[in-house]
Peer 1: 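Let me give you the structure first, and then I'll get to my questions.
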Amino acid sequence: MSVLTHSGALAQRSLIKTMRTPEALIDVTIQPVIFLLLFTYLFGGAIGDGDRHAYLQFLLPGMLAQSLAMGGVALGQNLNADIEKGVFDRFRSLPISRAAPLVGAVLADVVRYLSVCLVMLTFGTIMGFRVETGFLPAVAAVALSVGFGLCFCWISVWVGMIVRTSGAVQGVMFMLVLPLTFGSNVFVATDTLPGWLQAFVQVNPITPLVATIRGLLVGGPVAAHLTVTLIWMAGLLVVFVPLALRAYARRA
Amino acid sequence: MEDLVVRAEGLRKRFGETQALDSVDLAMRRGTVLGVLGPNGAGKTTAVRVLATLLRPDEGTAFVAGVDVLKHPDQVRRKIGLTGQYASVDEDLTGTQNLVLIGRLLDMPGRDAKRRAVELLEWFGLQEAAGRPAKTYSGGMRRRLDLAASLVGHPEVIFLDEPTTGLDPAKREDMWGVVRSQVTRGASVLLTTQYLEEADALADEIVVVDHGRVIAHDTPDGLKRRVGGQTLKVRPADPERLPDVLRVLDAVAAPGTTAAKDEAAGSRPGTASVPVTSDAALADAVAQMRAEGVEVTELALHLPSLDEVFHTLTGRTRTEAPV
Ligand SMILES: Nc1ncnc2c1ncn2[C@@H]1O[C@H](COP(=O)(O)OP(=O)(O)O)[C@@H](O)[C@H]1O
Ligand SMILES: [Mg+2]
């Protein structure tokens with residue numbers, strides 16, 4: 001139980017830091033908006049057969065997923081910097097669970113993933129995006145997005161523990177996130193792709209996530225995609241939480 | 001049995017090619033200050049990190065407050081406060097927020113954590129800066145906040161890694177006051193330092209380390225005596241008796257040395273000094289001068305400065321150690 005209260009106190013610490021440096025939220029506010037604008041108006045005509053509105057309806061759920069995956073990168077960078085600065089030495093000398101500093105930082109990231117969802121939905125609506133399902137499915141889409149963000153970011157936490165500098169965290173994470181998000185169903189329908197790429201898209205965890213969010217926001221099948229997504233989320237936790245905790249314990 | 005609050009035996013730790021700790025033994029009695037003195041790279045920080053459960057040694061055992069550091073680090077963490085060599089305050093948090101966070105992590109109820117924070121900030125003269133982010137603090141203020149953070153939970157054992165490095169002399173004396181007050185409260189303090197006067201001023205016992213080895217462990221005075229280089233200085237009431245004094249002192253001189261009149265510029269004339277090696281020299285000289293009827297107005301055994309002790313000890317080890 002004390003793990004939770006300690007993590008809560010440490011999450012609050014992260015939130016105070018975020019509030020003091022709002023520019024650290026650019027990657028979950030302004031950046032997704034710019035991407036959404038760019039892709040809608042740059043490719044919308046070509047890819048969407050001239051129907052920009054139809055393409056926006058297709059694109060927004062996908063870009064939401066992409067922004068979530070990218071939004072986790074900063075977490076690993078911040079943790080890496082904190083450890084390098086010695087801030088975590090103090091926490092390590094306190095009688096708290098070894099997991100608490102990491103869990104606390106991850107919990108605080110809820111704010112960032114919520115921000116991605118709200119900013120994209122609000123701005124998308126201004127651009128003409130419409131939720132075609134209803135209020136509850138939309139809420140479910142946001143909840144799933146935040147949940148996925150919280151699972152996916154453990155990769156970033158782990159990388160933050162094993163590489164030396166926070167710059168390297170970014171390098172490694174983008175090398176992972178860019179192929180995952182572009183090599184998916186985010187920007188184009190999978191059946192337009194060559195076979196080998198389709199194969200990659202099919203096994204990519206971003207794909208079922210995007211399919212689920214699409215179903216929840218603009219309609220379409222949800223249940224099967226949701227199941228695969230939840231399995232992926234559980235898998236990410238099972239693999240990367242222990243990896244991250246072990247790497248943290250080893251890093252002296 | 002002695003009540004040892006820190007007891008480490010045979011600590012070894014290697015970083016790549018560097019043997020940071022090469023079989024280090026440490027012992028600190030409860031309610032005392034142990035000064036760990038050594039130059040940069042001696043292994044002080046590594047030793048502190050092992051004792052504070054931040055680092056596992058390759059070999060050796062360590063007990064802090066009676067608890068095995070390797071087997072029960074969590075229990076040790078309940079009893080210690082650590083101020084590392086590099087300030088670990090959170091720069092984006094205010095002074096108050098930094099301390100309240102520590103309090104909450106120590107399971108204090110919110111109100112108690114807040115009260116303790118206010119109390120410490122006041123005590124360290126940081127009340128005016130309490131609401132400002134720590135990144136706006138000067139180096140000395142950060143150091144104090146860092147020290148305050150290690151005292152939030154009233155720890156039984158306090159580790160201070162070079163607490164005054166980089167502080168100006170006035171701030172250093174303030175810090176010494178803090179250390180003494182903690183001992184008065186009943187805590188035991190292990191502090192590392194590169195300043196000899198600091199160890200001399202604060203420590204009940206001093207451990208001198210170099211190249212990951214303990215090269216001396218003694219009281220400040222004992223250390224000075226062991227290294228030798230003591231000088232016996234005598235001033236006869238009648239300056240005419242100086243030749244007699246010289247003769248007496250020659251008889252107790254350290255082998256290969258002779259007594260001499262003090263003629264150094266600035267010193268009041270009329271005294272004679274002689275290097276001695278044994279404590280008995282003082283008693284012998286007194287007895288002999290009484291027998292000869294020499295009246296003495298000043299008689300003192302001068303110990304070498306800790307500075308000299310340090311250089312003698314480390315100088316010797318350093319020439320032996322491979323570079
Ligand atoms: N994490 C580390 N990795 C590699 N070498 C280290 C590490 N920590 C300390 N050392 C080396 O171990 C030796 C002792 O370091 P340290 O304990 O910091 O000494 P001190 O605190 O007395 O200056 C030094 O040579 C230092 O370079
Ligand atoms: Mg050091």
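Each chain gets a letter, A, B and so on, in the order the sequences are listed, and its residues count up from 1. Note that the structure is a prediction, hence the values are computed from the model and not measured.
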Peer 1: Just give me the residue among B:L106, B:D74, B:V76, B:D90 that pairs up with chain A most often, heavy atom to heavy atom, under 4.5 Å.
Peer 2: B:D90
Peer 1: Is the count of non-hydrogen atoms from other residues, nucleotides or ligands lying under 6.0 Å from B:E128 atom CD greater than 12?
Peer 2: no
Peer 1: Any side-chain heavy atom of B:T94 sitting closer than 4.5 Å to one from A:I16?
Peer 2: no
Peer 1: For B:R132, does the CZ atom sit with more than 12 other heavy atoms under 6.0 Å from it, leaving out its own atoms?
Peer 2: yes
Peer 1: Examine whether an atom of A:F88 lies under 4.5 Å from a heavy atom of chain B, and if so say whether it belongs to the side chain, the backbone or both; otherwise answer neither.
Peer 2: neither
Peer 1: Please indicate whether B:Y86 has more than 12 foreign heavy atoms, meaning atoms of other residues, nucleotides or ligands, lying under 6.0 Å from its OH.
Peer 2: no
Peer 1: How many angstroms lie between atom CD of A:Q12 and atom CZ of B:R104, to the nearest 0.5 angstrom?
Peer 2: 5.0 Å
Peer 1: Any salt bridge between B:D146 and A:R90, counting N to O under 4.0 Å?
Peer 2: yes
Peer 1: Return the minimal non-hydrogen interatomic distance between B:L105 and A:A9, and the atom names on each side.
Peer 2: CD2-CB, 4.2 Å
Peer 1: Tell me, do A:L94 and B:R77 make a side-chain contact under 4.5 Å, heavy atoms counted?
Peer 2: no
Peer 1: Minimum heavy-atom separation for A:K17 and B:D92, please, with both atom names.
Peer 2: NZ-OD2, 3.2 Å
Peer 1: Is it the case that over 12 heavy atoms from other parts of the model lie below 6.0 angstrom from the CZ atom of B:R180?
Peer 2: yes
Peer 1: Pick one of side chain, backbone, both or neither for A:R13, based on which atoms fall under 4.5 Å of a heavy atom in chain B.
Peer 2: both
Peer 1: Could you give the distance from CZ (A:R20) to CD (B:Q97), rounded to the nearest 0.5 Å?
Peer 2: 5.0 Å
Peer 1: More than 12 heavy atoms of other residues, nucleotides or ligands under 6.0 Å from CZ of B:R185: yes or no?
Peer 2: yes
Peer 1: Between chain A and each of B:T83, B:V89, B:L93, count heavy-atom pairs under 4.5 Å; write down the option with the most.
Peer 2: B:L93
Peer 1: For A:G86 and B:S88, which heavy atoms make the closest approach, and how far apart are they?
Peer 2: O-CB, 3.0 Å
Peer 1: What distance separates A:H6 NE2 from B:L101 CG, expressed to the nearest 0.5 Å?
Peer 2: 10.0 Å
